[in-house]
Amino acid sequence: MQSTKLNAQITAVGMYVPEKVLDNKYFEEIVETNDEWIVSRTGIKERRKMENGATSDMAAFAILDLLKTTSVKAEEIDVIIVATVTPDMFFPATACLVQDKIGAKNAWGFDLSAACSGFLFALQTGAALIESGRYKKVIVVGSDKMTAISDYTDRNTCILFGDAASAILLEPTEDLSTGLIDTLLFTDGSGKDALNMKGGGSLNPSSHETVDNKMHYIYQDGKAVFKVAVKGMADISYEVMKKNNLDSDDVAYLVPHQANLRIIDATANRMGISKDKVMINIHKYGNTTAATIPLCLTEYYRAGKIKKGDNLILAAFGAGYTWGAAYLKWSID
Ligand code: COA
């Protein structure tokens with residue numbers, strides 16, 4: 001028997017950002033930097049810090065926020081995928097902690113680690129579970145507590161990152177012209193030395209030495225990453241657009257990972273997309289790693305700026321290297 005073909009569509013969204021704001025002035029007081037440098041080089045004005053709680057708490061708050069907007073109950077969720085590089089612990093998976101916190105007693109779940117591309121990798125994974133016909137309600141949540149691994153004496157990195165979580169609900173549709181239509185995803189592990197956190201894993205187990213050498217913090221060679229990220233994100237976004245026979249006029253929004261406004265501008269230029277069609281919230285939240293893209297989607301949707309049927313191009317680049325782009329037709333009224 002031929003089984004029905006299915007697409008995965010986003011049917012609800014939710015978000016959580018902690019209350020505590022770290023503005024650029026805060027960083028002027030702790031490292032040698034200034035507001036003008038940070039804004040002109042990155043586009044960031046503020047970011048958030050989770051003071052009490054962990055990645056699983058932010059993820060759970062984002063999912064509970066989502067569940068308030070849909071008739072779907074926590075017990076009906078089949079799968080929870082948590083995209084994160086800042087799990088509460090090595091194990092159990094953050095997804096287990098989230099499952100318990102939201103009372104999703106019939107769900108299974110797992111964590112997915114693809115750094116700033118985490119949401120796109122998790123979106124494709126969740127969509128594949130839906131398309132298989134086996135699962136009907138999949139939560140994908142990007143949640144990262146980047147302040148937990150930021151070195152507040154390193155001006156090169158500490159100004160860049162913030163904490164947030166955002167979640168989507170994926171459900172099946174038989175209308176193959178809507179939902180997640182295409183993704184292009186890539187990994188190139190030869191980029192491992194440019195952006196990483198070396199300590200605490202099986203290669204460099206935690207020790208006094210790993211702490212003394214600051215190996216439990218983000219390390220980034222900013223210039224090296226910038227160069228490949230600009231080209232990687234611009235090329236892949238253009239490619240997914242062309243592959244699906246879309247012109248810039250057909251695209252309602254580019255939804256880029258929020259790492260650096262200059263990388264975002266270069267991507268929009270390559271696609272021939274004007275600034276008003278680029279989702280931006282980097283000025284408010286900085287780089288929240290796996291949370292940036294769903295956070296943009298949630299904020300723009302709630303502001304009434306996305307409508308059903310809009311063509312969205314999602315794009316990200318991150319540690320690994322990992323990168324990718326997706327073509328999504330918006331499904332919520
Ligand atoms: N305040 C003031 N000066 C700073 C600074 C800060 N917060 N951070 C770095 N600098 C200095 C550097 O030390 C350097 O000084 P030097 O020339 O005396 O050594 C100078 O500013 C220029 O540094 P550079 O690295 O050329 O800056 P940049 O224009 O590349 O911007 C980043 C730095 C980190 C903002 C940028 O490289 C970047 O965004 N990289 C990619 C991030 C990314 O996309 N990551 C992937 C996804 S997570």
Side-chain angles (χ1 to χ4, degrees), residues 22-47 83-86 113-121 142-164 185-197 217-237 254-268 270 278 280-283 285-293 295-296 314-325:
L22 303 181
D23 61 12
N24 289 347
K25 273 233 136 0
Y26 169 82
F27 289 90
E28 287 181 0
E29 278 155 31
I30 60 168
V31 288
E32 186 70 40
T33 191
N34 58 74
D35 177 60
E36 197 280 327
W37 191 96
I38 300 174
V39 173
S40 63
R41 299 298 183 100
T42 69
I44 302 167
K45 293 182 179 156
E46 297 178 353
R47 61 301 274 150
T84 189
V85 287
T86 51
S113 170
C116 295
S117 308
F119 178 75
L120 287 189
F121 280 38
S143 184
D144 269 304
K145 187 180 172 185
M146 298 306 289
T147 60
I149 56 168
S150 295
D151 176 359
Y152 285 91
T153 65
D154 176 14
R155 69 176 182 174
N156 290 292
T157 53
C158 69
I159 55 128
L160 299 171
F161 297 96
D163 304 337
L185 301 173
F186 293 95
T187 292
D188 178 3
S190 69
K192 68 184 190 310
D193 296 327
L195 181 50
N196 56 44
M197 192 185 87
Y217 291 129
I218 301 158
Y219 166 79
Q220 175 169 251
D221 177 345
K223 259 183 217 160
V225 176
F226 187 86
K227 240 163 77 183
V228 282
V230 160
K231 185 162 165 33
M233 217 162 96
D235 285 354
I236 197 90
S237 307
L254 164 67
V255 193
H257 169 57
Q258 313 276 309
N260 187 308
L261 200 51
R262 291 179 292 150
I263 298 176
I264 295 171
D265 287 346
T267 304
R270 175 92 162 91
V278 182
I280 302 283
N281 59 17
I282 189 171
H283 53 292
Y285 307 125
N287 183 349
T288 58
T289 304
T292 58
I293 290 176
L295 206 53
C296 276
L314 285 45
F317 191 97
Y321 295 122
T322 56
W323 69 105

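Keep in mind it's a predicted model, so treat the numbers as computed, not measured. As the structure lists them, so they are numbered: ligands from 1, and atoms in each ligand from 1. One-based numbering along the sequence shown.
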Identify the protein heavy atom lying closest to [atom], giving its residue, its atom name and the separation to 0.1 Å.
| atom | value |
| --- | --- |
| atom 22 (C) of ligand 1 | R41 NH1, 3.7 Å |
| atom 40 (N) of ligand 1 | G222 O, 3.1 Å |
| atom 26 (O) of ligand 1 | K223 CE, 2.8 Å |
| atom 44 (O) of ligand 1 | I263 CD1, 3.2 Å |
| atom 15 (O) of ligand 1 | R155 NH2, 4.1 Å |
| atom 9 (C) of ligand 1 | N156 OD1, 3.0 Å |
| atom 1 (N) of ligand 1 | T33 OG1, 2.6 Å |
| atom 33 (C) of ligand 1 | W37 CH2, 3.9 Å |

Is [X] reaching over with its side chain to a backbone N or O of [Y], donor-acceptor style, under 3.5 angstrom?
| X | Y | answer |
| --- | --- | --- |
| T322 | A319 | yes |
| R262 | R41 | yes |
| R155 | E32 | yes |

With heavy-atom distances below 4.0 Å as the criterion, list the atoms of ligand 1 near [X].
| X | value |
| --- | --- |
| T42 | 35 (C) |
| R262 | 28 (P), 29 (O), 31 (O) |
| N260 | 35 (C), 36 (C), 38 (C), 39 (O) |
| F317 | 47 (C) |
| N287 | 48 (S) |
| C116 | 47 (C), 48 (S) |

Please work out whether the ring planes of W323 and F186 are parallel, tilted or perpendicular, with thresholds of 30° and 60°.
parallel

Side chain to side chain, [X] and [Y], heavy atoms closer than 4.5 Å:
| X | Y | answer |
| --- | --- | --- |
| S237 | T267 | yes |
| D35 | K25 | no |
| Y217 | D154 | no |
| V278 | P256 | yes |

As an exercise, state the distance from CD1 of I293 to CG of N281, rounded to the nearest 0.5 Å.
10.5 Å

Using heavy-atom distances only, which candidate in Q258, Q220, M146 approaches atom 43 (C) of ligand 1 most closely?
Q220

Give the intermediate values and the outcome of side-chain contact (heavy atoms from CB on, under 4.5 Å) for residues N287 and T289.
CA-CA 6 Å; N287 183 349; T289 304; 3.8 Å; yes

Is there a heavy atom of V225 sitting under 4.0 angstrom from any atom of ligand 1?
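True for this residue.
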
For atom 20 (C) of ligand 1, is the nearest protein heavy atom under 4.0 Å away?
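So atom 20 (C) of ligand 1 lacks protein heavy-atom neighbours under 4.0 Å.
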
If we count only non-hydrogen protein atoms and require a distance under 4.0 Å, does atom 3 (N) of ligand 1 qualify as touching the protein?
yes

I149, T86, N196 screened by side-chain contact (heavy atoms from CB on, under 4.5 Å) with I218, the one that passes
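Among the candidates, only I149 passes.
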
